[in-house]
Amino acid sequence: MKLVLLVTLTTIAFVHTRRVRIIDGTFAELHEFPYQVSLQWNFNNGSRARHICSGSILNRNWILTAAHCKQTLSRDGWIEVVAGVNNVVNEEASAQRRNVSRFIQHEEYNASNFRNDIGVILLSKPLELRREISTITLALQNAVINQTEGKFAGWGSISKTFIDIFPDELRKVTLPLRTLEDCQVLGSEDRSQVCGGGYRNVSGCIADSGGPLTVVQDNGARVQIGVLSYGETPCKARLPNVFSSVMYFHDWIQKTIKRRQFKWFP
């Protein structure tokens, strides 16, 4: 059993050590997750851009995702962000594609132990918000999560073997939320992380990285509490997935966006 970051890379060796998927999920309804975006790699060679990660819409200009989703798959390519899409192969008319002006990883992101695996993306052009494309509210730093399950969606592999099978359409799962004690089997998890799924239940997998874990509060509002970081491979849903905690990184997210907005960022 291996622990892996959940992104899509080009070579077979990397594919087997760097991606995460939706396991035992169902297809999402059209625009059921209007705050979710697909991060895609444009190879700049006339081929279709490839989905590599997910993210969530903070506002018209900013996307929240995992730090490890900042990657280079080819020398002349680049990352694009696609909003308002359910099918990443045959995009709906509502889809909006944007280039990335800046991808800011957490300053203390550590690729060796997945700590501080969170980042924000500044879009080249603001999104046009509408019913199919909307923002997600972030759980506050002092939020107490009493819910026992969360909602997660993605375009990641649906295979339980090392041979990945990627769906064209967005899939969703309901994940049981786990305590940090439950997740110690994965390593030294701490309060900067949230755990969910696993134990032969349901799970995220390769190319689901960066996707939002959400819960519905008592007042009926849906808020994001996590950003998918890593899990086991192959993705057999035996162990929980680990998410970067939105509550823990709430201030970092807000301060980073504010600094860049007012040109204070170095």
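Positions are given from 1 along the sequence. None of the values given here were measured: they were computed from a predicted structure.
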Chemist: Side chain to side chain contact (heavy atoms under 4.5 Å, CB included) for Y35 and T214? Distances and angles first, verdict last.
Modeler: CA-CA 11 Å; Y35 50 81; T214 65; 3.7 Å; yes
Chemist: Classify the angle between the aromatic ring planes of F249 and H106 as parallel (below 30°), tilted (30 to 60°) or perpendicular (above 60°).
Modeler: perpendicular
Chemist: Quick one: are V100 and E80 in side-chain contact, heavy atoms under 4.5 Å?
Modeler: no
Chemist: For atom CG of D218, decide whether the heavy atoms of other residues, nucleotides or ligands shown that lie under 6.0 angstrom number more than 12.
Modeler: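 Atom CG in D218 is not packed in, count stays at 12 or less.
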Chemist: Decide yes or no for V81 and L123: does some side-chain heavy atom of the first lie under 4.5 Å from some side-chain heavy atom of the second?
Modeler: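 Answer yes - side chains close enough.
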Chemist: Taking all non-hydrogen atoms of both residues, which atom of P212 and which atom of G55 are closest, and how far apart?
Modeler: CD-O, 4.1 Å
Chemist: First locate atom CD1 of I133, then atom CD of Q36, and finally report the distance between them rounded to the nearest 0.5 Å.
Modeler: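 If we round to the nearest 0.5 Å, I133:CD1 and Q36:CD are 13.0 Å apart.
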Chemist: Answer yes or no: is there a side-chain heavy-atom contact under 4.5 Å between I57 and I63?
Modeler: yes
Chemist: Are I52 and W78 linked, directly or through other ILVMFWY residues, by side chains that come within less than 4.5 angstrom of each other?
Modeler: no
Chemist: Quick one: does R222's side chain get under 4.5 Å of I136's, heavy atoms only?
Modeler: yes
Chemist: Could you state the interatomic distance from CG (L213) to CG (D208), rounded to the nearest 0.5 Å?
Modeler: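 It is 12.0 Å, given to the nearest 0.5 Å.
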Chemist: Going by atom types alone, do Q71 and W41 pair a side-chain donor with an acceptor below 3.5 Å?
Modeler: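 There is no such pair (donor and acceptor under 3.5 Å, judged by atom type) between the side chains of Q71 and W41.
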Chemist: Taking all non-hydrogen atoms of both residues into account, name the closest pair between S54 and G154 and its distance.
Modeler: OG-CA, 4.4 Å
Chemist: Measure centre to centre between the rings of F152 and F243, then say whether the value is under 6.0 Å.
Modeler: yes
Chemist: Quick check: does any side chain N or O of Q147 sit under 3.5 Å from a backbone N or O of E149, one acting as donor and the other as acceptor?
Modeler: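 No; zero donor-acceptor contacts below 3.5 Å.
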Chemist: So how far is it from F27 CZ to N86 CG, rounded to the nearest 0.5 Å?
Modeler: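 Result: 10.5 Å between the selected atoms.
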Chemist: Counting N and O atoms only, with roles assigned by atom type, does the side chain of H51 sit under 3.5 Å from a partner on the main chain of C53, one being a donor and the other an acceptor?
Modeler: yes
Chemist: So, the side chain of S94 versus the backbone of G84: is there a donor-acceptor pair under 3.5 Å, distance only?
Modeler: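 Pair found, side chain donor or acceptor close to backbone of G84.
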Chemist: Can you find a side-chain donor-acceptor pair between W155 and S38 that sits under 3.5 Å?
Modeler: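 No.
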Chemist: Tell me, with the steps shown, if E32 and K172 meet salt bridge (charged side-chain N to carboxylate O under 4.0 Å, His left out).
Modeler: CA-CA 10 Å; E32 182 179 354; K172 63 181 179 179; 3.0 Å; yes
Chemist: Would I257 and N61 count as a side chain to side chain contact (heavy atoms under 4.5 Å, CB included) if you check the C-alpha gap in whole Å, the side-chain angles of each, and the deciding distance to 0.1 Å?
Modeler: CA-CA 9 Å; I257 292 175; N61 297 295; over 6 Å; no
Chemist: Just wondering, do K151 and V216 contact through their side chains at under 4.5 Å, heavy atoms?
Modeler: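 A side-chain contact is absent here, since even the closest heavy-atom pair is not under 4.5 Å.
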Chemist: Could you go step by step and tell me if R60 and T135 meet the side chain to side chain contact (heavy atoms under 4.5 Å, CB included) rule?
Modeler: CA-CA 8 Å; R60 297 172 66 236; T135 60; over 6 Å; no
Chemist: Looking only at side-chain N and O atoms, does Q40 offer a donor or acceptor that is under 3.5 Å from a partner on R97?
Modeler: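 Side chains of R97 and Q40: pair found under 3.5 Å.
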Chemist: Using side-chain heavy atoms (C-beta onward) and a distance below 4.5 Å, is I121 in contact with W62?
Modeler: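 No, side chains not in contact.
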Chemist: Roughly how far apart are S134 OG and N59 CG, rounded to 0.5 Å?
Modeler: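 So the gap between those two atoms works out to 12.5 Å.
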Chemist: Does a side chain donor of either R98 or S124 reach within less than 3.5 Å of an acceptor in the other side chain?
Modeler: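 On atom types as modelled, these side chains do not qualify, holding no pair under 3.5 Å.
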Chemist: Please give me the minimum heavy-atom distance between G119 and W252, naming the atom from each residue.
Modeler: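 Taking every non-hydrogen atom into account, CA-CH2, 4.0 Å.
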Chemist: Main chain of P34, side chain of E132: is a donor-acceptor contact present, judged purely on distance under 3.5 Å?
Modeler: no
Chemist: Checking N116 side chain against E108 main chain: does a donor-acceptor pair fall under 3.5 Å?
Modeler: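 Looks like yes, one N/O pair under 3.5 Å.
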Chemist: Applying the side chain to side chain contact (heavy atoms under 4.5 Å, CB included) criterion to F103, which one of I79, L122, V120 satisfies it?
Modeler: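 With F103 as partner, side chain to side chain contact (heavy atoms under 4.5 Å, CB included) holds for just one option, I79.
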Chemist: CG/L175 to CG/L228 distance, rounded to the nearest 0.5 angstrom?
Modeler: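 Separation between the atoms: 9.0 Å.
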Chemist: Any chance you could measure L64, atom CG, to L138, atom CG, to the nearest 0.5 Å?
Modeler: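 Separation between the atoms: 6.5 Å.
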Chemist: Could you check F114, Y230, Y109 and say which one makes a side chain to side chain contact (heavy atoms under 4.5 Å, CB included) with H68?
Modeler: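 Passing option: Y109.
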Chemist: Indicate the atoms forming the closest heavy-atom contact of L127 with A83, along with that distance.
Modeler: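 Residues L127 and A83, closest heavy atoms: CD2-CB, 4.0 Å.
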Chemist: Run through L140, V194, V223 and flag the one making a side chain to side chain contact (heavy atoms under 4.5 Å, CB included) with M247.
Modeler: V194
Chemist: Might you point out which heavy atoms bring V37 and S56 nearest each other, and give the distance in Å?
Modeler: CG2-N, 4.1 Å
Chemist: Is there a donor-acceptor pair closer than 3.5 Å between any side-chain N or O of R178 and the backbone N or O of G197?
Modeler: yes
Chemist: Mind listing the closest non-hydrogen atom pair of N45 and S47 along with its distance?
Modeler: OD1-OG, 2.6 Å
Chemist: Give a yes or no answer on whether the side chain of S244 reaches the backbone of D117 with a donor-acceptor pair at less than 3.5 Å.
Modeler: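 Here the side-chain-to-backbone pair exists.
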Chemist: Less than 4.5 Å apart, side chain to side chain, heavy atoms only: is that true for E91 and V88?
Modeler: no
Chemist: Under 4.5 Å between any side-chain heavy atoms of Q193 and S245, yes or no?
Modeler: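 Counting from C-beta outward, Q193 and S245 never come under 4.5 Å.
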Chemist: Does the salt bridge (charged side-chain N to carboxylate O under 4.0 Å, His left out) test come out yes or no for E169 and R171, once each step is laid out?
Modeler: CA-CA 6 Å; E169 295 182 62; R171 295 178 69 89; over 6 Å; no
